Amino acid sequence: MSYTTEELQKLATFYKNQLLNNTVPFWFPRSIDDEHGGYLLMRDRDGGLIDDDKAVWIQGRAAWLLSTLYNTIEPKQEWLNAAKSGIDFLNNYCFDNDGQMFFHVTRDGQPIRKRRYYFSETFAVIANAAYAKASGDEAAAEKARYLFGKCIEYATTPGLLPAKFTGTRPAKGIGVPMIMMNTAQQLRETIGDPRCDKWISTWIEEIRNDFVKDDIQCVMEQVAPDGSIIDHIDGRTLNPGHAIEGAWFILHEAKYRNNDPELIKLGCKMLDYMWARGWDKEHGGILYFKDVYNKPVQEYWQDMKFWWPQNETIIATLLAYTLTGDEKYARWHKMVHDYAYDKFHDQEHGEWFGYLHRDGTLAQTAKGNLFKGPFHLPRQEWYCALLLQEMGY
């Protein structure tokens with residue numbers, strides 16, 4: 001199938017309407033913490049609060065979203081004010097004395113937990129950068145660029161952060177190059193930084209050379225430092241949604257570089273490989289984990305449907321279609337779009353449920369927790385709406 005002009009116009013209207021009249025209103029303004037700053041995002045189906053703790057990386061994601069809405073949709077003062085609340089909370093409470101960010105804090109900012117990675121920092125980069133563009137706050141711009149430098153340092157300096165594992169079986173994950181790539185893309189497209197282009201190319205080549213396996217048509221989640229497959233349970237475990245997210249980051253870069261044909265080829269190849277491995281042919285939707293050799297997967301949620309892989313696949317398939325015109329991607333986009341909005345979208349209270357069983361039945365009702373908040377879904381609806389708008393729809 002191919003999309004008609006009328007169908008693409010309807011999709012553009014649908015995504016923008018869902019974003020502004022369904023998804024964003026579920027979260028804001030009620031999630032803004034007027035007492036302590038930041039956001040109260042751990043919410044049940046009807047928006048009721050289930051916990052008042054704060055996940056630091058999702059504080060950054062929410063501040064990014066609000067700033068981005070201000071920058072790209074409409075300069076509403078309430079969005080800018082709400083973004084500032086998140087930026088101030090991050091700066092006032094979420095950095096330890098060693099400069100590393102916490103992962104989990106109380107409502108009033110007392111630290112609970114740090115993790116061994118620096119993804120809280122990457123989201124603080126894009127939040128500060130988007131807020132700096134929206135507000136003209138030079139301190140936020142300086143913070144974004146400083147933290148980006150720290151993230152590069154963490155990514156390239158072995159031993160700088162505590163190791164999770166011993167050196168017996170060294171490994172590296174695709175998460176670092178793909179998230180750092182998108183962090184650099186966001187930084188470049190908001191306030192700019194001369195380091196971005198070089199590093200984006202470096203991270204793309206790492207993904208191409210070490211994680212994409214053409215011989216078995218797969219994108220690995222984890223490999224040995226030399227890019228070889230680690231034939232143990234963790235090393236064999238694939239995360240199709242994560243790889244597809246990386247695919248659309250590369251397709252986005254292709255679009256930025258005047259539709260670079262080599263990057264389009266790479267991104268589409270990654271999408272093709274992981275659609276084949278991740279799409280549930282029986283029930284629909286993207287599965288959470290698969291084994292590269294189709295052996296049993298260790299994690300008990302391996303065949304569940306989480307919300308965010310569907311979001312990333314909706315973006316990737318639409319972006320691939322707009323870049324290539326290949327009807328296959330239009331068909332896949334319709335399949336994942338229809339599945340996700342039928343199964344995950346809460347018609348009564350808005351937003352999406354986060355967790356379904358394999359057959360599409362609801363596993364639990366939470367809309368927000370330490371890992372889910374206003375990011376993957378609104379980013380998908382925002383990105384797809386703007387992509388279609390740029391094309392004249």
Side-chain angles (χ1 to χ4, degrees), residues 27-28 31 37-42 53-71 79 82-96 99-105 109 111 113-134 137 140-155 161 173-191 193 196 199-200 203 242 245-246 249 252 308 311-312 368-380 382-383:
W27 297 104
F28 304 109
S31 294
Y39 317 106
L40 297 164
L41 298 170
M42 298 200 197
D53 284 352
K54 294 169 180 173
V56 170
W57 61 343
I58 304 184
Q59 298 292 304
R61 288 171 166 188
W64 170 84
L65 173 67
L66 290 158
S67 300
T68 298
L69 293 174
Y70 181 94
N71 289 331
W79 284 342
K84 184 178 189 303
S85 179
I87 294 295
D88 289 347
F89 186 83
L90 288 172
N91 291 334
N92 291 336
Y93 300 109
C94 297
F95 287 87
D96 200 355
Q100 191 185 353
M101 297 189 80
F102 296 110
F103 174 75
H104 180 187
V105 298
R113 182 183 177 194
K114 280 173 78 171
R115 300 191 81 173
R116 297 176 180 89
Y117 55 64
Y118 44 93
F119 295 146
S120 291
E121 282 84 346
T122 65
F123 295 112
V125 170
I126 65 172
N128 276 281
Y131 178 72
K133 179 178 180 179
D137 186 331
E142 289 179 11
K143 187 81 167 182
R145 294 188 181 108
Y146 168 77
L147 286 174
F148 181 59
K150 289 299 293 183
C151 290
I152 293 171
E153 190 179 348
Y154 290 141
L161 294 176
I174 198 172
V176 168
M178 60 173 276
I179 292 175
M180 288 296 289
M181 177 190 2
N182 188 247
T183 301
Q185 290 171 329
Q186 292 291 321
L187 179 62
R188 179 182 63 191
E189 293 167 30
T190 48
I191 60 173
D193 188 296
C196 291
W199 278 107
I200 289 168
W203 289 315
H242 210 211
E245 185 179 13
F249 292 166
H252 179 82
W308 67 264
N311 297 136
E312 307 313 326
N369 53 35
L370 276 176
F371 301 96
K372 186 181 186 298
F375 185 64
H376 288 280
L377 173 61
R379 181 176 70 169
Q380 171 235 299
W382 164 80
Y383 190 95

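This structure is a prediction, so every number in the text was calculated from the model and none was measured.
- Here the CE-CG distance, from Met180 to Leu187, works out to 10.0 Å after rounding to the nearest 0.5 Å.
- Residues Phe28 and Trp79 are not in side-chain contact: their nearest non-hydrogen atoms beyond the backbone lie 4.5 Å or more apart.
- Contact check for Gln185 versus His252: side-chain heavy atoms found under the 4.5 Å cut-off.
- Two residues are said to be in side-chain contact when any heavy atoms from C-beta on lie closer than 4.5 Å; His104 and Arg115 fail this criterion.
- The minimum heavy-atom distance between Ile58 and Gly373, with the atom names listed, is CG2-CA, 3.9 Å.
- Between Tyr117 and Trp57, the ring planes lie tilted relative to each other; the angle falls in the 30° to 60° range.
- Side-chain rings of Trp64 and Phe375 approach one another, their centers coming within less than 6.0 Å.
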### Query
Are Arg116 and Leu161 close enough, and set up right, to give a side-chain contact (heavy atoms from CB on, under 4.5 Å), and what steps lead you there?
CA-CA 6 Å; Arg116 297 176 180 89; Leu161 294 176; 5.6 Å; no

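- Smallest separation of non-hydrogen atoms from Ile152 and Trp203: CG1-CH2, 4.3 Å.
- Proximity of Lys150 to Gln100: side-chain heavy atoms (C-beta onward) are nowhere separated by under 4.5 Å.
- Residue Lys133 qualifies as enclosed at atom NZ: its count of foreign heavy atoms under 6.0 Å is above 12.
- To the nearest 0.5 Å, the span separating NE2 on His242 from CD1 on Ile174 amounts to 7.5 Å.
- Closest heavy-atom contact between Gly173 and Pro177: O-CD, 3.4 Å.
- Atoms CD and OH, from Gln59 and Tyr39 in turn, are 7.0 Å apart once rounded to the nearest 0.5 Å.
- Contact annotation: the side chain of Leu41 never approaches that of Lys372 to less than 4.5 Å [non-hydrogen atoms, C-beta and beyond].
- To the nearest 0.5 Å, the span separating CE on Met178 from OG1 on Thr183 amounts to 10.0 Å.
- The two atoms that bring Gly37 and Phe89 nearest to each other are O-CD1, 3.5 Å, heavy atoms only.
- When every heavy atom of Ile191 is checked against every heavy atom of Ala144, the shortest pair comes out as CD1-CB, 4.1 Å.
- Taking 4.5 Å as the limit, every side-chain heavy atom of Glu245 sits out of range of all side-chain heavy atoms of Asn182.
- Separating the CD atom in Glu189 from the OG1 atom in Thr68 is a distance of 10.5 Å, to the nearest 0.5 Å.
- Distance check, rounded to the nearest 0.5 Å: CE of Met101 to CG of Asp96 gives 11.0 Å.
- Nearest heavy atoms, Phe102 versus Tyr93: CD1-O, 3.9 Å.
- The one candidate from Tyr154, Phe148, Phe95 that meets the ring-ring contact (aromatic ring centres under 6.0 Å, His included) condition with Tyr118 is Tyr154.
- A donor-acceptor pair is defined here as one N or O able to donate and one able to accept, closer than 3.5 Å; no such pair exists between the side chain of Asn311 and the backbone of Arg379.
- The local environment of CZ in Phe371 is crowded, with over 12 non-hydrogen atoms from other residues, nucleotides or ligands closer than 6.0 Å.
- No side-chain heavy atom of Val125 sits less than 4.5 Å from a side-chain heavy atom of Gln186.
- Counting heavy atoms from C-beta outward, Asp193 and Arg188 have side chains that stay 4.5 Å or more apart.
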